[in-house]
Amino acid sequence: MSTKIMFMASSLSQVRPLTCAAAGGLSSGRLVPQPPDLIKWVKREGGFVHQAVKVAQQLDGLGLIATAEIPKGSDLIVLPEHIPLRFEASEADSEKGSYSSLIKLAQHIPEELWAMKLGLKLLQERAKKGSFWWSYISNLPETYSVPIFFQGEDIKNLQYAPLLSQVNKRCRFLLDFDKAVKIKIENLRSEDHPFGGQDVDASALGWAMSAVSSRAFRLHGNKRPDGSHINVPMMLPLIDMCNHSFNPNAEIVQEQDTANGRMLVKAPGIQIKRDDLLLLNYGNLNNDLFLLDYGFVIPSNPYDCVELKYDSALLDAAGMAAGISSPNFSSPLPWQQQILSQLNLRGEDAQLKISLGGSELVDGRLLAALRVILSNDKEAVQKHDLTTLKSLSAEAPLGISNEVAALRTIIALCVIALGHFPTKLMEDESLLKQSVSASTALAIQFRIQKKALIIDAMRNLTRRVKSLSSKESVTF
Ligand SMILES: C[S@@+](CC[C@H](N)C(=O)[O-])C[C@H]1O[C@@H](n2cnc3c(N)ncnc32)[C@H](O)[C@@H]1O
């Protein structure tokens with residue numbers, strides 16, 4: 001089962017940082033105690049900031065707030081093209097040895113850790129005396145609440161293997177990359193040194209990666225020869241002070257056709273009232289990504305899900321627990337095997353990750369597989385296409401008793417999944433009431449949300465079973 005804790009991630013908080021503090025809590029502290037005024041800097045650089053937009057304390061950190069009503073469609077912040085921080089250097093900079101050393105380091109970074117690539121540029125600017133972006137960088141948080149900085153015990157406290165493996169992967173990468181960076185830069189001439197002669201360690205690299213993953217936006221970069229745009233991550237000073245909501249009142253617009261390619265934050269069709277927070281939608285992400293990249297968890301997140309593995313032994317156990325034993329769980333009939341292959345649940349390239357939660361509630365492939373495995377009527381199954389078999393809103397396509405058996409098996413899978421968490425939801429809730437550290441609380445909140453999601457799915461499926469069973473008894 002994927003909810004079992006399989007290994008411990010090596011947390012970066014165990015690495016003694018030389019250049020930045022590892023997160024001890026959810027601090028709103030900035031890199032320097034009294035950083036320059038970001039709004040003034042943006043305006044001085046030719047940007048626009050609506051006069052009612054101000055930076056204010058919010059959610060253990062900072063955010064943007066409206067100090068007066070702002071009409072629909074107003075521009076809130078406009079950044080000229082030279083303000084966003086991107087990895088690509090200006091023509092003048094690209095001639096420099098320090099930039100080409102940065103490119104060489106970036107070649108060690110896997111594509112999925114793109115935040116580290118831009119993070120190298122951020123570290124370079126952070127180390128550079130008189131950097132153009134100093135007003136921005138000095139306003140960045142000093143620490144991040146992402147799990148790569150958790151103590152080992154709090155990583156264990158997450159209790160969820162798919163996230164543990166991601167955290168572990170990032171920690172391992174940072175520790176290895178730290179070594180690679182040290183070797184690459186130790187003998188460089190000072191003018192070629194990417195960080196102005198300063199040492200960086202895994203903790204500084206982790207700081208930079210987290211700064212980027214929690215604040216960068218992927219927007220259109222330079223044009224390709226065919227006129228299309230390359231999507232590039234960039235840090236958008238001040239705009240990145242907006243916190244997240246799934247019901248945002250602001251949106252980012254990128255002007256592509258103007259000569260200067262400005263970035264805008266607009267109040268789209270919504271009138272902003274005085275004291276409203278200015279909120280952007282960071283994306284319809286699950287809590288794993290919110291925690292990994294941004295260091296927070298959204299309660300009752302409609303996009304959250306629990307990952308399980310499609311496994312015949314697990315289905316057997318679930319079937320048994322639900323009082324539905326079928327030899328077909330472990331040995332599906334040849335025509336059932338064919339459908340399982342079409343569902344990509346059998347065969348060499350099978351994708352066995354399935355999920356509960358999110359808008360679908362039950363992974364369509366799991367639902368279809370159970371409906372098919374629990375049916376002995378090949379003709380009846382073949383009357384339906386896969387889309388119908390995968391859909392929970394297609395009510396009982398193979399008959400009520402088949403549907404009840406499939407849903408009860410999924411409910412039993414939920415019970416098994418819950419049983420793999422070392423603690424119960426109620427224990428977690430009472431632990432949260434005690435005085436625990438900020439990162440312990442975050443880890444507990446994360447696992448509470450996973451458990452609550454499974455319990456909600458069980459409730460929903462139980463309601464469906466009850467309603468179907470009552471229809472069945474009316475039919476007879
Ligand atoms: C783009 S920054 C926003 C500005 C940030 N609050 C600051 O103090 O600089 C993203 C970070 O803000 C915080 N944040 C944003 N939206 C949040 C939310 N809905 N709940 C909790 N924290 C949030 C998280 O720490 C996240 O990593």
Side-chain angles (χ1 to χ4, degrees), residues 20-21 23-39 41-42 49 53-66 76-77 79 83-85 115 118-119 122 126 133 135-150 170 206-219 233-252 263 265 276-304 438-439 441-446 448-449:
C20 78
L26 308 179
S27 158
S28 64
R30 304 282 133 174
L31 263 194
V32 301
Q34 299 287 327
D37 185 317
L38 207 47
I39 292 184
W41 176 69
V42 168
V49 183
V53 171
K54 294 282 172 291
V55 177
Q57 282 287 334
Q58 248 174 63
L59 301 166
D60 290 319
L62 300 178
L64 295 183
I65 194 165
L76 302 173
I77 300 169
L79 298 183
I83 286 196
L85 179 68
L118 180 51
L122 177 62
R126 182 180 162 178
W133 283 282
S135 296
Y136 168 58
I137 294 172
S138 55
N139 270 287
L140 290 175
E142 188 188 12
T143 61
Y144 291 92
S145 53
V146 290
I148 54 168
F149 288 117
F150 282 10
R170 290 190 183 193
W207 173 86
M209 187 165 84
S210 312
V212 174
S213 73
S214 65
R215 314 183 79 87
F217 297 88
R218 274 175 172 266
L219 297 165
M234 29 185 128
M235 301 188 84
L236 304 180
L238 193 63
I239 291 179
D240 69 3
M241 281 290 177
C242 287
N243 286 314
H244 161 85
S245 166
F246 288 129
N247 298 306
N249 54 6
E251 68 178 13
I252 297 184
M263 310 289 164
V265 170
D276 277 358
L277 313 178
L278 302 184
L279 301 167
L280 287 169
N281 185 353
Y282 296 175
N284 297 339
L285 309 172
N286 63 25
N287 276 344
D288 305 30
L289 287 175
F290 272 118
L291 187 56
L292 260 180
D293 283 345
Y294 297 91
F296 68 95
V297 165
I298 301 198
S300 309
N301 176 352
Y303 305 97
D304 201 17
S439 49
L442 202 47
I444 296 175
Q445 276 155 6
F446 174 83
I448 284 182
Q449 291 304 315

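Numbering of ligands and ligand atoms starts at 1, following listing order.
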Quick one: which ligand 1 atoms are inside 4.0 Å of a heavy atom on [X]?
X	answer
Gly61	8 (O)
Leu62	4 (C), 5 (C), 6 (N), 7 (C), 8 (O)
Ser214	1 (C), 2 (S), 10 (C), 27 (O)

Can you tell if the side chain of Val297 reaches within under 4.5 Å of the side chain of Phe290, non-hydrogen atoms only?
no
Any side-chain heavy atom of Ser210 sitting closer than 4.5 Å to one from Arg170?
no
Residue, atom and distance of the protein heavy atom nearest atom 27 (O) of ligand 1 read Tyr294 O, 2.6 Å
A student comparing Leu277, Asp293, Asp240, Asn243 should find that the heavy atom closest to atom 13 (C) of ligand 1 comes from Asn243
Out of His244, Arg30, Gln58, who is nearest to atom 7 (C) of ligand 1 when you count heavy atoms only?
Arg30
What's the separation between atom CG in Asn247 and atom CG in Leu279, rounded to the nearest 0.5 Å?
9.5 Å
Rounded to the nearest 0.5 Å, the CG atom of Leu291 sits from the CD1 atom of Ile298 at a distance of 11.0 Å
Answer with side chain, backbone, both or neither: which part of [X] has a heavy atom less than 4.0 angstrom from an atom of ligand 1?
X	answer
Phe296	side chain
Tyr144	neither
Ser145	neither

Looking only at heavy atoms, what is the nearest atom pair of [X] and [Y], with distance?
X	Y	answer
Ala216	Met235	CB-CG, 4.3 Å
Trp133	Pro84	CZ2-O, 3.6 Å
Asn249	Leu277	ND2-O, 2.8 Å

